[in-house]
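Just so it is clear, the structure is predicted and the values come from calculations on it, not from any experiment. Lettering of chains follows the sequences in order, A, B, ..., and the numbering in each one begins at 1.
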2 protein chains.
Amino acid sequence: MVYTISEENYVKAIFHLTENGKSASTNQLAEALKAKPASITDMLKKLELKNLLHYEKYYGVTLTDNGKQLALSIIRKHRLWEYFLVNKLNINWTEVHEIAEQLEHVKSHLLIEQLDKYLGYPDFDPHGDPIPDSKGNIKEQEKTRLTLAAKNTELEICSVNSRNADFLEMLEMKKLQIGTCISIIKQYSFDKSLDVKLNKKTVNISEQLAKNIYVKIKG
Amino acid sequence: MVYTISEENYVKAIFHLTENGKSASTNQLAEALKAKPASITDMLKKLELKNLLHYEKYYGVTLTDNGKQLALSIIRKHRLWEYFLVNKLNINWTEVHEIAEQLEHVKSHLLIEQLDKYLGYPDFDPHGDPIPDSKGNIKEQEKTRLTLAAKNTELEICSVNSRNADFLEMLEMKKLQIGTCISIIKQYSFDKSLDVKLNKKTVNISEQLAKNIYVKIKG
DNA sequence: CCATATTTTTAGGTTAGCCTAAATTTTATT
DNA sequence: AATAAAATTTAGGCTAACCTAAAAATATGG
């Protein structure tokens, strides 16, 4: 079965909105896909007929196994292309998301398998998100929100959960990258910002920034 | 200005059909784009309004400078991607055309400039066709149809003008590749086939095959 | 140069994916 | 539990890009 770009975007959006275990609502999808709620309802009916999702009128939507497999294959393509753009073409990680949004819809099984091989079967994309393998399996890593991590412990930044260019640019400026090691030395109660040690220097991280950064304990 | 995939395909098709200096006809375009003549007429009217082409009812169509620039940028992307697919991902040249047909529509100036740099600014794609530079300039190479080339002269295969998989597969079998050196030792009047010397062996090339092969004199 | 064949255009229709406005259902509040 | 607010669906429309059938223009050949 071959799907349109629009259909693929719906399935991908539903996948992300239901990662928390809950079903996705029409309004959430409208927001994510930048379309009006009425358009979402239309499309959900169509995608249900194609056996990509379970849709219960007024109560939200979840993916079928079919839909999940499709979503994973799109996410796989997206993340492999991001890895390529950053690590081979030297494009800044602030810019790769948008380009990968287009590349993820290119249809060729051979292409993506050869790309994966060429890149050395990477496990994580430049934002630290896991890349599903060709069967749709994901290596999840244990990670904690930086806001909830322990003080005075060696931490490694392992992923970020926003693709916003202003956010990523700020990380660049502060030298906070995937793989960077830090430890929290002070948590301020007033504005919930953090002082962290980074290469012998101290950097302040606002709550807003910290909420989008995930870390794992080093070792 | 940003164009749809369909619009880009029209402009590309017109570019190729008018490379001989003549204007392109509705029927030719219908054939090239696998659409009905009536649909072509519709679209030509639209593209004329967008200043991509000159369309004279009943008498055919040519590109404006605007349209030519767009065509060249698409061809540039197509050929750079083909080069990438063959030389980096090791995908067989019989398969890359179709994949590049999709990749050529990905929109990102940065992407294509970085790709070009990464590939080392190649001048020719895997089929021997020239890759336009970022300004749309093409390095044309002097080439002769193998059917018209001189006998007993060292020749180098420099391009092929079909993307048909059966054709390319046949070249593979006969070890006829871009860069391969041959010389014609016999031209048969009966079926117009050729015997050529290739690495001390003699290979017979049918007229049909030879018509799609271009060579230049070695040196 | 007229009749026929071919090419092209026009007219009217379809589907996908979106929209707005209005109606309906669910959820929240008192 | 009644009503107000919010979310969702329905109904009816639009545009892009295709289609078929019929009409019109151009090309061909005796």
Side-chain angles (χ1 to χ4, degrees), chain A residues 1-18 20 22-63 67 70-71 74 101-102 104-107, chain B residues 1-15 17-18 20 22-63 67 70-71 74 101-102 104-105 107:
Chain A
M1 199 58 202
V2 57
Y3 302 100
T4 67
I5 291 177
S6 195
E7 289 172 333
E8 292 191 347
N9 283 334
Y10 272 75
V11 167
K12 190 177 53 144
I14 296 164
F15 184 90
H16 287 309
L17 287 170
T18 55
N20 59 9
K22 294 179 195 160
S23 64
S25 76
T26 303
N27 266 1
Q28 285 178 312
L29 281 166
E31 152 118 57
L33 294 164
K34 288 163 198 321
K36 301 297 162 187
S39 310
I40 306 295
T41 303
D42 271 8
M43 186 65 124
L44 293 184
K45 287 182 194 162
K46 269 185 35 191
L47 296 182
E48 178 157 55
L49 290 176
K50 295 196 180 186
N51 192 32
L52 289 170
L53 48 81
H54 301 295
Y55 168 50
E56 216 180 331
K57 243 176 157 186
Y58 293 105
Y59 289 95
V61 62
T62 55
L63 293 179
L70 176 60
I74 301 163
E101 290 277 325
Q102 298 178 65
E104 74 189 4
H105 300 294
V106 171
K107 270 121 191 137
Chain B
M1 197 61 201
V2 57
Y3 302 99
T4 66
I5 291 178
S6 195
E7 288 171 335
E8 292 191 347
N9 283 334
Y10 272 74
V11 168
K12 191 177 53 143
I14 295 164
F15 183 91
L17 286 171
T18 56
N20 58 9
K22 296 179 195 160
S23 64
S25 75
T26 302
N27 266 0
Q28 285 178 312
L29 281 166
E31 154 117 56
L33 294 165
K34 288 165 197 319
K36 301 296 161 184
S39 310
I40 306 295
T41 303
D42 270 8
M43 186 66 125
L44 293 183
K45 287 182 194 162
K46 271 185 34 189
L47 296 182
E48 178 156 56
L49 290 176
K50 296 198 179 187
N51 192 31
L52 289 170
L53 48 84
H54 301 296
Y55 168 49
E56 215 180 331
K57 242 177 157 183
Y58 293 107
Y59 288 96
V61 62
T62 55
L63 293 180
L70 176 59
I74 301 163
E101 290 278 325
Q102 299 178 66
E104 73 189 5
H105 301 293
K107 269 116 190 142

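For B:Glu56, the side-chain contact (heavy atoms from CB on, under 4.5 Å) test picks out B:Tyr59, with sequence neighbours left out. Taking B:Ala38 as the reference, nothing meets the side-chain contact (heavy atoms from CB on, under 4.5 Å) condition, with sequence neighbours excluded.
Atom CE of B:Met43 is separated from atom C1' of C:dT10 by 18 Å (rounded to the nearest Å). Going from atom CG of A:Leu33 over to atom P of C:dC19 covers 10 Å, rounded to whole Å. Whole-Å rounding puts the A:Leu49 CG to C:dA16 C1' distance at 14 Å. In this entry the distance linking NZ of A:Lys36 with C1' of C:dA22 reads 16 Å, nearest Å. In this structure, B:Lys50 places its NZ atom 13 Å from P of D:dT15, rounding to the nearest Å. The interatomic distance linking A:Asn9 (CG) with C:dC18 (C1') rounds to 14 Å, in whole Å. Put simply, CG on B:Leu47 is 14 Å from C1' on D:dC18, counting in whole angstrom units.
Closest approach of A:Lys107 and B:Gln102 over heavy atoms only: N-OE1, 2.6 Å.
OP1 or OP2 of C:dC18 lies within a sub-4.0 Å distance of a side-chain N or O belonging to A:Ser6.
Proximity of B:Tyr55 to B:Thr41: side-chain heavy atoms (C-beta onward) are separated by under 4.5 Å at one or more points. Counting heavy atoms from C-beta outward, B:Leu52 and B:Tyr10 have side chains that stay 4.5 Å or more apart. Annotation: side chain of A:Glu104 is in contact with side chain of A:Lys12 (closest heavy-atom distance under 4.5 Å).
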Contact letters for nucleotides 8-14 of chain D, in which S counts primed atoms plus P, OP1 and OP2 and B counts the base, heavy atoms under 4.0 Å:
SBB----
